[in-house]
K.L.:
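Could you have a look at this structure, given as structure tokens, before my questions?
Residue numbers start from 1 in every chain, and the chains themselves are labelled A, B, ... in the order their sequence lines are given, proteins ahead of strands. Computation of the quantities below employed the complete heavy-atom set of this structure, encompassing side-chain atoms and omitting hydrogens, waters and symmetry-equivalent molecules.
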2 protein chains.
Amino acid sequence: MSGDASARPGQQMKAVLRLRELLLSGEVGPGERVAEIPLAARLGVSRTPLRLALSTLAHEGLLEMLPGGGFVVRDFDPADIADAIELRGVLEGTAARLAAERLGDPADLAPLRAAVAAMEPLVRTATPGLADFERYVVANEIFHARLLDLADSPMLRRAMAQAMALPFASPSSFVLAQADLPESREILVLAQAQHRAILEAIEAREGTRAEALAREHARLAKQNLKLALGDAALLATVPGNALIRRGQSQGARKIAS
Amino acid sequence: MSGDASARPGQQMKAVLRLRELLLSGEVGPGERVAEIPLAARLGVSRTPLRLALSTLAHEGLLEMLPGGGFVVRDFDPADIADAIELRGVLEGTAARLAAERLGDPADLAPLRAAVAAMEPLVRTATPGLADFERYVVANEIFHARLLDLADSPMLRRAMAQAMALPFASPSSFVLAQADLPESREILVLAQAQHRAILEAIEAREGTRAEALAREHARLAKQNLKLALGDAALLATVPGNALIRRGQSQGARKIAS
DNA sequence: CAGACTCTCATTGCATGCAATTTCGAAATG
DNA sequence: CATTTCGAAATTGCATGCAATGAGAGTCTG
């Protein structure tokens, strides 16, 4: 996460990081209008850098500018989240395809291969512990990062960073949620099989197949989302869960601004 | 263009608009480090709103933050532009697919149909004038906007806006460039055929076909790019041409940050 | 003569004060 | 009783002043 280019330890960065925490944890609720002065006091920064931070988070999509000035915390309905995941799938599919099309030396696949290897233990363990899951998450994120590297496209990298600014669109947002799920092992086996298949497709320079696989891989997250939406306890483990609009008509698809 | 949410006529908006002009016109050249104080004087705004504007344009991708502070004008090599167009194709493909999958009442296609109809005259005219081209460009942009509407996905809309912040990734960046080209008519006929086909595919709810068509449609722009890169006079008519790095190894593909 | 150190200047980043706009509340009128 | 209009307070947006960090040039030493 934190797609910010450079992390200089200024007041502005401090404000961005701290405010993002507040938003994701729900301490500043969705739909709520954020007031600058109390927030500045709360974050321990002045209004000037806070304002920059607000602008940044608005560009990331967590805040929304009001026409009259000021910002509100954006909220997301299930359809938004599903679309965000779908979008990530599309972008990762493109990354996989480009990786396949542009692969030079097959040795360049080593980092990807290493990430896949690092995830094997969890899948092969009969009764994985929480530590196993966390190691899996790390390796999973490395896998996705290396895949993006292989695509070798700054433009795609930008788009991806933008899409993953929404926390629940991140590759492993729902991995920890499924830790408690009975069908967890099945899902992980499936996911890992897809990891291997993507790697294989890239190595064989099968761009279309790699793309389709990466998309399907993201659909797994969408499936987990559906499961989590039914169980409040499960949903609470998802990173940005506080931003999800609750108790709303789930089928509502008419918010297109 | 100008994907900014609300256009309040403040100093900040003024700075963004004016500075964007300066960047696209090349009056502030690529690679150049922008100094706040003289720029503020030049734009007629204070440093505070200018700073917000700089942040905005950095998020749009036209500027780049330096680790030591400050900003430089970003430049784009041919590979970057090609990737930007490819990316737009991917996103528009997704829009077309979602439009097909989510289409409710076929009557919702009326706006899209109207845009296609508005483009017909130019294609059917044997010797189109500049005015014809401009009307085509308008209708073309309406077509792409309506397509995005049909996808009915705020997330996709965001991603699209981000991708099209780069001026040469816009749907009709290269249309005016090809006005002088001899093969112009051929290309337009092809493009219009694709418009019709996309519409047809959506109506028939053929999502995959709609996606493939939209991607191929974007590839037309990529082809025009290649043509324009050879001819300096042609390139000069492209919107953000000042940002393109010239006299560089065109095959260089190793700038992945 | 080359390299490194220091001093100085410019530029960015931050804080505070002020003005303008908006919003909320209350009162008055239809 | 609802609605509209006017007013006051709060909040955003903007400008300026100051401090801190980084760059560059000049000089001194090895």
K.L.:
Could you state the CG-P distance from A:L66 to C:dT21, rounded to the nearest angstrom?
P.N.:
18 Å
K.L.:
Any protein N or O atoms within reach of nucleotides 14-18 of chain D? Criterion: under 3.5 Å, listing atom names and distances.
P.N.:
unit_1	atom_1	unit_2	atom_2	d
D:dC14	OP1	B:Q11	N	2.7
D:dC14	OP1	B:Q12	N	3.4
D:dA15	OP2	B:S46	N	3.2
D:dA15	N7	B:T48	OG1	2.9
D:dT16	O4	B:T48	OG1	3.2

K.L.:
Checking B:F174 now: which residues fulfil ring-ring contact (aromatic ring centres under 6.0 Å, His included) with it, not counting sequence neighbours?
P.N.:
none
K.L.:
The criterion is ring-ring contact (aromatic ring centres under 6.0 Å, His included); which residues satisfy it with B:F143, sequence neighbours excluded?
P.N.:
B:H195
K.L.:
CG of A:L63 versus C1' of D:dT12: gap in Å, rounded?
P.N.:
15 Å
K.L.:
Of all residues at least two apart in sequence or in a different chain, which pass the side-chain hydrogen bond (donor to acceptor under 3.5 Å, both in side chains) check with B:R135?
P.N.:
none
K.L.:
What is the distance from CG of B:L52 to C1' of D:dT12, rounded to the nearest Å?
P.N.:
12 Å
K.L.:
Yes or no on salt bridge (Lys or Arg N to Asp or Glu O under 4.0 Å) for A:K226 and A:D231, after CA distance, side-chain angles and deciding distance?
P.N.:
CA-CA 9 Å; A:K226 211 179 254 176; A:D231 185 347; over 6 Å; no
K.L.:
Check salt bridge (Lys or Arg N to Asp or Glu O under 4.0 Å) between B:R158 and all other residues, then give those that pass, not counting sequence neighbours.
P.N.:
none
K.L.:
Not counting sequence neighbours, which residues clear side-chain hydrogen bond (donor to acceptor under 3.5 Å, both in side chains) with A:R97? List them please.
P.N.:
A:E101, A:E211, B:E86
K.L.:
Sorted by first residue and then second, give each side chain to side chain donor-acceptor pair (under 3.5 Å) pair with at least one member in residues 23-40 of chain A; sequence neighbours left out.
P.N.:
A:S25-A:E27, A:E27-A:R42, A:E36-A:R47, A:E36-A:R51
K.L.:
List, one per line, each side-chain donor-acceptor pair under 3.5 Å for residues 62-76 of chain B, sequence neighbours excluded.
P.N.:
unit_1	atom_1	unit_2	atom_2	d
B:D75	OD1	B:R245	NH2	3.4
B:D75	OD2	B:R245	NE	3.2

K.L.:
Might you list the N or O atoms of the protein lying below 3.5 Å from N or O atoms in nucleotides 6-11 of chain D, with each pair's distance?
P.N.:
none

